[in-house]
There are 2 protein chains.
Amino acid sequence: MSVGIRHDDLRRRNRAMVIAAVRRAGRPSRTEIAATTGLSHSTISAISSDLIGEGILAEGKPSEAGSLKRGRPQVGLGLNPEAAAVMTVVLSLNFLSVAVIDYAGQVISEEQRRLDTLTMSREALIGECVAIVRRRLEDPDIDVRSVARIALAIQGITDTEARAMLWSPITPQTDIAFADILEAEFGIPATMENDCNMMAVALRWRDPERYRDDFIAILLSHGIGMGLVLKGELFTGTHSSGGEFGHMIHRPGGALCRCGRRGCVEAYAGNYAIWRNARQLSEDTEPVADVSDAQMRALAATARERDGPEREAYRKAGEALGYGLGSLFALIDPAPVAMVGVSAAAFDLIEPALREAIAQTAGGHHSKSISFDTEPNELPLIREGCAMRALTFVDQEIFAPGVQGKSGVAGKNVA
Amino acid sequence: MSVGIRHDDLRRRNRAMVIAAVRRAGRPSRTEIAATTGLSHSTISAISSDLIGEGILAEGKPSEAGSLKRGRPQVGLGLNPEAAAVMTVVLSLNFLSVAVIDYAGQVISEEQRRLDTLTMSREALIGECVAIVRRRLEDPDIDVRSVARIALAIQGITDTEARAMLWSPITPQTDIAFADILEAEFGIPATMENDCNMMAVALRWRDPERYRDDFIAILLSHGIGMGLVLKGELFTGTHSSGGEFGHMIHRPGGALCRCGRRGCVEAYAGNYAIWRNARQLSEDTEPVADVSDAQMRALAATARERDGPEREAYRKAGEALGYGLGSLFALIDPAPVAMVGVSAAAFDLIEPALREAIAQTAGGHHSKSISFDTEPNELPLIREGCAMRALTFVDQEIFAPGVQGKSGVAGKNVA
DNA sequence: CAGTGTTTTTTCGAGGCTCGAAAAAATAGA
DNA sequence: TCTATTTTTTCGAGCCTCGAAAAAACACTG
């Protein structure tokens, strides 16, 4: 049951508010912070003085064009890059990518590595992750003690607590508690996030104008994933990361999906499905393990060139996505959509059938007003999302720690 | 943008917390309130002394079996019934039902009325609502000034701000801002809620054990509706009440739905759809306006008796509901389900096909563990939900008034 | 029936926090 | 150098919550 507010919570929450305002605004002055938070100047002054004393914020130049005005110039407050660091680990098909990021958001060390995730044993997979993290922590440029958080992202399903990967298409292994494993190994708090959720987080930081309170990020890749933000909050399931848009049912008993079931949206719109249809293979054909981005681009080129099975395959993908979105919109109402991934580059081939399908659904009232945006490259987005997620954690849990220690994690690494 | 916490917000929120604790627990002692809210005894003492002084709470007998214990007996705190009153207005097919409820939740005046909603003009519909409310307010038992809130519920789609009915199956009229109309007429704050959302609210109060943080209420009636509670909050769309489960797409291009589109879940599972299939009419047959509860019960009886088109009709309904739930579970993960309405009484006919369909979907991992409960009578639930919603509003906005509640507890959809 | 033990509730500073007003600081223009 | 202007800090006032101790209200005991 929700709990009363203690007196000391007040300071904690307002500290968090100030840090958040600085992270959003870049180098705001105290006056600007007072304006955006609604707190009085005196309070902002007191809190920021504390934060500077603790080395979390640092005074800097006035924010750009401040020198034009008349009175005492504003002095900008920025995040102190050395206050802490975080680490991102992105695990995708045959690829592992790690980065260390300072408190202000700059990458200070990184490493990428090809793996054969589909055939690796459980131990090897975990081992590679642990090893790559260890190597980054041993980087002489990095002060290990400053690393306050590790955020992992993986394609697939994670649990609501962000502790474990439950299932992933990139490996036959299931239920690996990556967060617990890394925490135990390095003593650094860690979380295990869903890749599409991190895409959504990144979009929100990149373009807060367009992606703010309600929007949808859809990954069009080998599989179909979704990250959903509703009322300004990341949407998750009751037990898992949820939002498995790709496995909503498009046609009961229909095409064979990679998940073993039939008729999922993904079984029509995933790369393997488009490839299968373009080859005019039966819908019962076992999905292939991987289709390269180059192959997909070639397919799209052919589809653009001439009317044929390739074009039809993209049409079917559009139809499945459209009906799926229609069902989703019946639940949440329409919202801006970002299409991410290789097939987002072929969105021109997908869009007509998609819009036509949406128009057949309840969400289709205003189908013309639904806007789509495309971003072919998912990896940078996922990394950025992880970084922001980890940094936000540091902002909130470490630099504005609360009384209610629901996490033994919280107080550990105070920098 | 979320806003800093002022010092006076603190008292406000803790007041609200105390009132909420009393409403939930019945007649808790100060000590019990301190325990559930986590606030200190001194604080609870101060706040409850204020509230009693303002006539919001009243001291009563110790909570039941309190006389067994040793020391100073607990003195129970209860809601003062005379502190305020609220009104509920439930508008359903051919039926209008109004009640006045005191602050402690007891009905003190009510009236019900048959109408021909399907053929009434806009003015007549609005007029009837205004008139019935006026009659109740003129009831000599009622002190008009004490009526602090009116909550309306209607089958159909309402806007997120809870001001207007946007579309409803019970009338051809659209976009009636009932909340604004009643507010203007009587000067009492009003809201316009979706009926299924109110069902969910009521379930949460009735059985908090089973229906707490995550659950689904599905109305199986002429149409199919849903109320969804996720993470303890009522789920709504970005622009409308949302959660239009009945209009998720079951079969693209399939059976004709009342909404004019094709293949919606409702076009297989709504009363008119079951009736249509039981009569072996084509899926293109225009949906009938209404099927009486008696007719539906007769249909169910026949289906139980012998294998035939009636039984097949229920099977198809189960299949549509199952695949629909499967798609929903792909997004939110499985959760307890309450089936409400006439056809919930025929759930035995629906369940087998429903479970079979769910097992074919992503949510079907644990299809056996998904639990269903049935409640044939929706009206009392809707009324109860409206009452609690209105009372909660009074608790929060009137008896714990704050600055601008946009960021805080105030505007939230706490079910 | 008075005394004792037990539990609930109230009382009373102490310590924090935010706020508004006023003061101090830092600059551009005259 | 002086003045106007804007930002930032300082300071006392007013609340709020908390812990400890006191007061209250009973049950039990001999």
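The chains referred to below are lettered A, B, ... by the order of the sequence lines, with proteins before strands, and numbering in each begins at 1. Note: hydrogens, waters and symmetry copies are ignored here, and every other heavy atom, side chains too, is used. Treat the numbers as computed from the prediction; the structure is a model and nothing was measured.
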To the nearest angstrom, the CD1-C1' distance between A:Ile52 and D:dT9 comes to 12 Å
By side chain to side chain donor-acceptor pair (under 3.5 Å), B:Ser49 pairs with (sequence neighbours left out) none
Fill in: Heavy-atom donor-acceptor pair, B:Gln396 side chain to B:Phe393 backbone, under 3.5 Å
no
Sequence neighbours excluded, the answer for side chain to side chain donor-acceptor pair (under 3.5 Å) partners of B:Asp143 is B:Arg145
DNA chain C nearest-nucleotide lookup for A:Arg11 and B:Ser49: closer to the 5′ end is B:Ser49
Here the distance between atom P of C:dT18 and atom CG of B:Leu10, to the nearest Å, is 10 Å
Practice task
Examine C:dT18: is either OP1 or OP2 under 4.0 Å from a nitrogen or oxygen in the side chain of A:Asn14? Give yes or no.
Solution key: yes
In whole angstroms, the gap separating C1' of D:dT9 from CD of A:Gln74 amounts to 16 Å
When A:Ser48 and B:Ile47 are each assigned the nearest nucleotide of DNA chain D, the 5'-most assignment goes to A:Ser48
note: A:Asp50, atom CG; D:dT10, atom P; distance rounded to Å ~ 12 Å
Of the listed D:dT7, C:dT27, D:dA25, the closest approach to the A:Pro73 side chain comes from C:dT27
When rounded to whole Å, the CD1 to P distance for the pair A:Ile5 and D:dC18 reads 11 Å
Rounded to whole Å, the CZ-P distance (B:Arg30 to D:dA23) equals 19 Å
- Going by an N to O cut-off under 4.0 Å, is there a salt bridge joining A:Glu59 and A:Arg30? yes
### Message
Any carboxylate oxygen within less than 4.0 angstrom of a Lys/Arg side-chain nitrogen, looking at A:Lys231 and A:Asp213?
### Response
no
From NE2 of B:His7 across to C1' of D:dA13 the rounded distance in Å is 12 Å
Heavy-atom nearest nucleotide on DNA chain D taken for A:Ile44 and for B:Gly38; more 5' hit belongs to A:Ile44
Quick note, B:Ser29 side chain, CB onward, closest among C:dT9, C:dT6, C:dT18 is C:dT9
Show each protein N/O and nucleotides 20-24 of chain C N/O combination with a separation under 3.5 Å, one pair to a line.
from: C:dG20; atom 1: N7; to: A:Ser42; atom 2: OG; distance (Å): 3.2
from: C:dG20; atom 1: O6; to: A:Ser42; atom 2: OG; distance (Å): 2.8

Check whether A:Arg15 reaches the backbone of A:Phe399 with its side chain - one donor and one acceptor, N or O, closer than 3.5 Å.
yes
Atom CZ of B:Arg13 and atom C1' of D:dC15 are separated, to the nearest Å, by 17 Å
Salt bridge (Lys or Arg N to Asp or Glu O under 4.0 Å) with A:Arg389: of A:Glu193, A:Glu384, A:Glu397, only one passes, and it is A:Glu193
